[in-house]
Amino acid sequence: MSTFTTEQVQNVANSVLDFYMKKGTPLDQHIQDKPLLSRMMKKQQSIPGGKGRVEMAVVMETVSQLESFEYDDSVSYTSPAKNRRVSAPYRLFHIGTQVTMHELLHDGISVTDSTTGKNKSDISKRDAISLWNIFDGKMRDQEEGFLYGLNRKFWLDGTQGPLEFPGVTAWVVDNPAAATVVGGIDQAANARWRNRANLTITLGDTTGASQAVLRTLDVELPQLRRYGGKPSVGFAGADMIDRIKAERRAKSDYSNTGTNGKKDLSVGDVEFDGIQIYYDPTLDDLSYAKRLYILDESELYPFVVDGEDKKKHTPARPEDKYTFYSAYTWVGGMIARRRNGCGVYAFA
């Protein structure tokens, strides 16, 4: 049986943790794609810590008016003051794992508290690999736990608990005309501070020939762009993706060479007016399989506090437990500066 010092064990734990913090998503059988998380993490912005919230200024309307005049007609002056402040909290999250000396013994690894190596035998390459593999399995689970959890937080509306932040469904709501305060601004009193929504699309036929969803998007996209919105990406549940493909297929031309001259008979990736629409399995998990979210990513800001993006922690072993700990924390949230460039759509 090989004997490691506590310092050696902790060094291996740190090395494996560093590896998985840089590597990204591990490839296990139960792991789903996270297209929203992938895009959010690539565009997250750093902010300084402070009051516990992030604020941005938004303007709901223009009050200055052009006037006609001649000779000595009187004219008026305005003092624009229509700014509002949208705000969102940042939250602190932790994820960690542990390994006990008892677990290590099952793999033939003994640990001594000596940091000098006293009474320690030489460590073979096989023993080092065995120790690495033990931590590897734990870190794989920890990394996926972080990605899975943060992905759901980016989707959820933040009402699930007092220490959550508002995600996509807090900024892109089902009823944008309701008397609800979103980000500190009353959407009922500010028509420009509303996303678009249509959750009652009537499909008609089952083949997709009616093109109800595509026709809805034909109507909606000009409205999403009306006030400067730049809708850039869509995320859909499985039923919505299937419906869009059915509508596309219903108008395709089939021949002995395939669809529209292509040998591949599948519809393939879904795109509408330059907007890529991704299948997001998380929407199925949230019972939103029939939904489509169109987002203006340019005005949706995932943020992380400076120095707190997956900050590594290696707590010391307490005197009353023969256990090693590894963890990291993430501090951040999401805020929107414009909502009228985003929309949610669904059929019954």
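Bear in mind that the values here come from a model prediction, so they are computed numbers and not experimental data.
- Taking OH from Tyr278 and CG from Leu292, the interatomic distance works out to 13.5 Å, rounded to the nearest 0.5 Å.
- Outside the 6.0 Å centre-distance limit, the rings of Phe93 and Phe146 are not counted as a close aromatic pair.
- Considering all non-hydrogen atoms of both residues, Ser87 and Glu55 come closest at CB-CG, 3.6 Å.
- The side-chain heavy atoms of Gln32 and Asp285, taken from C-beta on, include a pair separated by under 4.5 Å.
- Shortest non-hydrogen contact noted between Gly237 and Asp284 is CA-OD1, 3.4 Å.
- Using a 4.5 Å heavy-atom cutoff, the side chains of Arg196 and Cys342 are not in contact.
- What you find for Asp157 and Thr169 is that their closest heavy atoms are N-OG1, 3.1 Å.
- Using a 4.5 Å heavy-atom threshold, the side chains of Tyr279 and Asp33 count as separate.
- Between Trp330 and Phe165, the ring planes are tilted. Angles from 30° to 60° get that label.
- Using a 4.5 Å heavy-atom threshold, the side chains of Trp171 and Ile335 count as touching.
- In this structure, the side chains of Asn340 and Arg194 stay at 4.5 Å or more apart for every pair of heavy atoms.
- Taking 4.5 Å as the limit, some side-chain heavy atom of Val173 sits within range of a side-chain heavy atom of Arg339.
- A centroid separation of less than 6.0 Å is found between the aromatic rings of Tyr293 and Trp155.
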